[in-house]
Amino acid sequence: MKIKTYVANNMQEALYKIKSDLGKDAIILQTKHIRKGGILGFFSRSMVEVVAANDLAVTQTPSKKAYTNTRIHETVPPIKPTGSIEFQDIKNDLGEVKDMIKNLYSNHLQKSLVSEWGFSPVFEMFYKKMMAMEINEELINSIFSKVSQALKPEELKDENVLFTTIKNELISQIGKIEPIHLSEDKNVIVAFIGPTGVGKTTTIAKLAAKFTLYHEKKVAMITADTFRVGAIEQLKTYGELLEIPVEVIYGNDDIKTALNRVKGYDLVLIDTMGSSPNNKMQIKKVKSLLDAVNPTDIYMVISATTKSRDIGDILNNYKELNFNKLIITKLDETRTYGTIMNAVKMTDSNLSYFTVGQNVPDDIEIASAEKLAGMILGENTYV
C-alpha cells in the first residue's frame, strides 16, 4: 500500500494530483483545510490537505448494499482496508470530502481577503495597490510586516494613518538620494552605463546643460559609443550648442589622451556604448573602458518602462561593472513605478535622477524618495 499527502489550492486540483500519481483507483483517507504563506498571519492562503492511498487490500461483502466510496471515478461494493486504518474513519472522511467540495464552490470562498480574515478594506486596498505596481512580493511582505507591527489594530483600519505609515516605510526603503557632487580640488568623472535605448546620451546632455548653464561649471563630455549610428554626432551637436568640448574614444589607447585634454574641467561626463544586457562580450568591453578611466561614480541608467521581469536580468548582467548610482529615465511614459523600488533594493544603489521627457535641459530632476513613494501609492503621477 502506498500512502501520500497532497496539498492543493482546492479539492479539484488535489483529485487531479492524486489521479495522476496514484491512479484512478486511489482512495482518499483524510482531508482537512490548512493555511499557508502570508506574513504574521496576514494574507495566508486557504488550501486543502488530502491523504490518499492505493493498492489497498479489500474484501467484498455481498450481503450489504453497494455504496459510493472515495474512489475518484466509480461506485464500487463496500471495502474494508486492512492494517491500522479504521473503516469508520474512512466513512467519516467521505462526509467531510462532500462538505468540502460544496464549500469550495460556495460564495464563502469567493469573498475577498477582507471578508475572509476580517482585515480592513483600506489595508487590503494598499496591499493590492502595491502588487499592481509590480513591486517584488517579498519586498511588499516586508513592508507590510513592519507597518503591521508599528500600528495598533484600530489604526490598521484608518486610511490616513495607514497611508502615512506605508509611505514613510517606502521612503525608508528607497533610502538616500545621491546626485552628482562636485569636488573643490579635483575634477569629477562620471560614467554612464545601461542597455541600448534607455536614453543615456540625452541624459548626459541634460546634465551637461544643467551644470554649465545653471551652476556655471566647466563641463566636458567624452563618448565611447562608437557603435550606435549617429551617437557621436548627437553628442557633438549638444557640445556645440553648449560650447563645451566633446572627446571621442575609439579604443583604450585613446583614453589617456582624452582624459588629459579635459583635466582642468570640474565635471567630465562619459557616454559608454549601449548593448543588449545579454551581450556579455560588449559588457566586458565597457568594463575594460571603466577600469582604464577609473571614474568617480558609475551611473546605471534604466528606463522606467522596462518590464518588471526584465529588470532583474539587466541589473544582474551589468553588476560586474560595479555601478553605485541609478538614473531612471522615461518616468513620464509609465504608470507602474514598482520596478524602481525593485531596482533600488536589488542593487543596493542610491537613486540620483529622474528624467521625464526629451527636452534638454529641462526634463531632468534630482530623484525624490517622497515623490516616488507618493506615486506608488497613487498620490501623484507624471502622466
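FYI, side chains are in, hydrogens and waters are out, and symmetry mates aren't considered; it's all heavy atoms of this structure. The first residue of the sequence shown is numbered 1, and numbering continues consecutively from there.
Side chains of Met221 and Ile204 form a contact here, defined as non-hydrogen atoms less than 4.5 Å apart. You'll find the side chain of Asn187 stays beyond 4.5 Å of the side chain of Asp266, heavy atoms only. Considering only heavy atoms from C-beta on, Leu321 comes within 4.5 Å of Ile283 through its side chain. Inter-residue side-chain proximity for Glu134 and Lys307 is flagged as unmet; no heavy-atom pair is nearer than 4.5 Å. In this structure the side chain of Ser142 reaches within 4.5 angstrom of the side chain of Gln173, judged on heavy atoms. The shortest side-chain heavy-atom distance between Tyr6 and Val51 does not fall under the 4.5 Å cut-off. Counting only heavy atoms from C-beta outward, the side chains of Val268 and Val190 never approach each other to under 4.5 Å. Here the side chains of Ile222 and Val246 are not in contact, with every heavy-atom distance at 4.5 Å or above.
Side chain of Lys200 to backbone of Gly194: a donor-acceptor contact under 3.5 angstrom is found. Judged by distance alone, the side chain of Asn350 and the main-chain N or O of Lys176 form a donor-acceptor pair under 3.5 Å. Ser172 places no side-chain N or O within 3.5 Å of a backbone atom of Asn168 that could act as its donor or acceptor partner. Under a 3.5 Å cut-off, the side chain of Thr347 and the backbone N or O of Ala343 do form a donor-acceptor pair. A donor-acceptor pair under 3.5 Å links the side-chain atoms of Thr329 to the main chain of Val198, judged by distance alone.
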Inset, instruction - Start with the C-alpha distance between Asp21 and Lys17, add both sets of side-chain angles, then the distance that settles side chain to side chain contact (heavy atoms under 4.5 Å, CB included), and finish with yes or no. - result: CA-CA 6 Å; Asp21 192 22; Lys17 289 182 178 180; 6.0 Å; no
Inset, instruction - For side chain to side chain contact (heavy atoms under 4.5 Å, CB included), just list the numbers for Lys186 and Ser183, CA-CA rounded to whole Å, side-chain angles, deciding distance to a tenth of an Å, and then say yes or no. - result: CA-CA 6 Å; Lys186 63 178 181 179; Ser183 173; 3.7 Å; yes
Inset, instruction - Applying side chain to side chain contact (heavy atoms under 4.5 Å, CB included), run through Thr212 and Lys217 and close with a yes or a no. - result: CA-CA 5 Å; Thr212 300; Lys217 299 297 181 181; over 6 Å; no
Inset, instruction - I would like to know whether Thr237 and Glu233 meet side-chain hydrogen bond (donor to acceptor under 3.5 Å, both in side chains); could you show each step before the answer? - result: CA-CA 6 Å; Thr237 299; Glu233 289 74 13; over 6 Å; no
Legend entry - Pair Leu269-Val219, side chain to side chain contact (heavy atoms under 4.5 Å, CB included): steps then yes or no: CA-CA 8 Å; Leu269 306 172; Val219 179; 4.2 Å; yes
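Note that CD of Glu169 and CD1 of Ile143 are 6.0 Å apart. Values are rounded to the nearest 0.5 Å. The distance from the OH atom of Tyr318 to the CD1 atom of Ile193 is 7.0 Å, given to the nearest 0.5 Å. To the nearest 0.5 Å, atom CG of residue Leu213 and atom CG of residue Leu242 are 5.5 Å apart. From Ile249, atom CD1 reaches atom CD1 of Ile255 across 5.0 Å, with rounding to the nearest 0.5 Å. Atoms CG and CG, from Leu289 and Asp254 in turn, are 10.5 Å apart once rounded to the nearest 0.5 Å. Atom-to-atom distance recorded for Leu326:CG and Phe354:CZ is 10.0 Å, nearest 0.5 angstrom.
For the pair Lys218 and Tyr265, the distance from NZ or CZ to the six-membered ring centre is under 6.0 Å and the angle to the ring normal is within 45 degrees.
When only modelled atom types and interatomic distance are considered, Asn324 and Tyr299 share no side-chain donor-acceptor pair under 3.5 Å. Side-chain contact check for Asp225 and Thr272: no donor-acceptor pair (N or O, by modelled atom type) lies under 3.5 Å. Remark: the Lys345 side chain and the Asn136 side chain contain no N/O donor-acceptor pair separated by less than 3.5 Å. Residues Tyr127 and Asn141 bring a donor and an acceptor atom of their side chains to less than 3.5 Å of each other. The closest side-chain donor-acceptor pair between Lys319 and Asn316 falls under 3.5 angstrom.
Within 6.0 Å of the CG atom in Asn260, the count of heavy atoms belonging to other residues, nucleotides or ligands exceeds 12. Other residues, nucleotides and ligands contribute over 12 non-hydrogen atoms within 6.0 Å of the CD atom of Glu154. Other residues, nucleotides and ligands place more than 12 heavy atoms under 6.0 Å from the CD atom of Gln282. Atom NZ of Lys167 is surrounded by more than 12 heavy atoms from other residues, nucleotides or ligands within 6.0 Å.
The residues Glu379 and Lys371 are annotated as not salt-bridged, no charged nitrogen and carboxylate oxygen being separated by less than 4.0 angstrom. Remark: Glu240 does not engage Lys236 in a salt bridge, criterion side-chain N to carboxylate O under 4.0 Å. Ion pairing between a basic and an acidic side chain is recognised when a charged N comes within 4.0 Å of a carboxylate O; Lys287 and Asp291 show such pairing. Using a 4.0 Å cut-off between charged side-chain N and carboxylate O, Glu320 and Lys284 make a salt bridge. Between Asp363 and Lys206, none of the side-chain N atoms (NZ, or NE/NH1/NH2) sits under 4.0 Å from a carboxylate O, so this pair counts as no salt bridge.
Smallest separation of non-hydrogen atoms from Ser352 and Ile327: CB-CG1, 4.3 Å. Minimum interatomic distance between Val344 and Ile174 (heavy atoms only, all atoms of both residues): CG1-O, 3.6 Å. Here the closest non-hydrogen pair linking Met130 and Ile166 is SD-CG2, 4.0 Å. Here the shortest heavy-atom pairing between Ala150 and Glu155 reads O-OE1, 4.5 Å. Summarising the geometry of Ile376 relative to Met341, their closest heavy-atom pair is CD1-CG, 3.3 Å, with the distance given to 0.1 Å. Among all heavy-atom pairs drawn from Leu267 and Ile180, the shortest one is CD1-CG2, 4.0 Å.
Note: Phe163 and Phe126 have tilted aromatic rings, judged against thresholds of 30 and 60 degrees for the angle between ring planes.
Of the candidates Val301, Leu351, Thr355, Ile328 forms a side chain to side chain contact (heavy atoms under 4.5 Å, CB included) with just one, namely Leu351. Evaluated for a side chain to side chain contact (heavy atoms under 4.5 Å, CB included) with Met346, the options Ile311, Leu139, Thr339, Ile314 yield exactly one hit, Ile311.
Hydrophobic cluster membership is shared by Leu377 and Phe144, with clusters built from Ile, Leu, Val, Met, Phe, Trp and Tyr side chains linked at under 4.5 angstrom. In the hydrophobic clustering of this structure, Ile135 groups with Leu315; members are Ile, Leu, Val, Met, Phe, Trp, Tyr whose side-chain heavy atoms approach within less than 4.5 Å, directly or through other members. Residues Tyr337 and Ile177 share a single hydrophobic cluster, defined by chaining ILVMFWY side chains whose heavy atoms lie under 4.5 Å apart. The hydrophobic cluster containing Met133 also contains Leu331, counting ILVMFWY residues as joined when their side-chain heavy atoms lie under 4.5 angstrom apart, directly or transitively. Hydrophobic clustering of Ile, Leu, Val, Met, Phe, Trp and Tyr side chains at less than 4.5 Å, counting indirect connections, unites Ile364 with Ile366.
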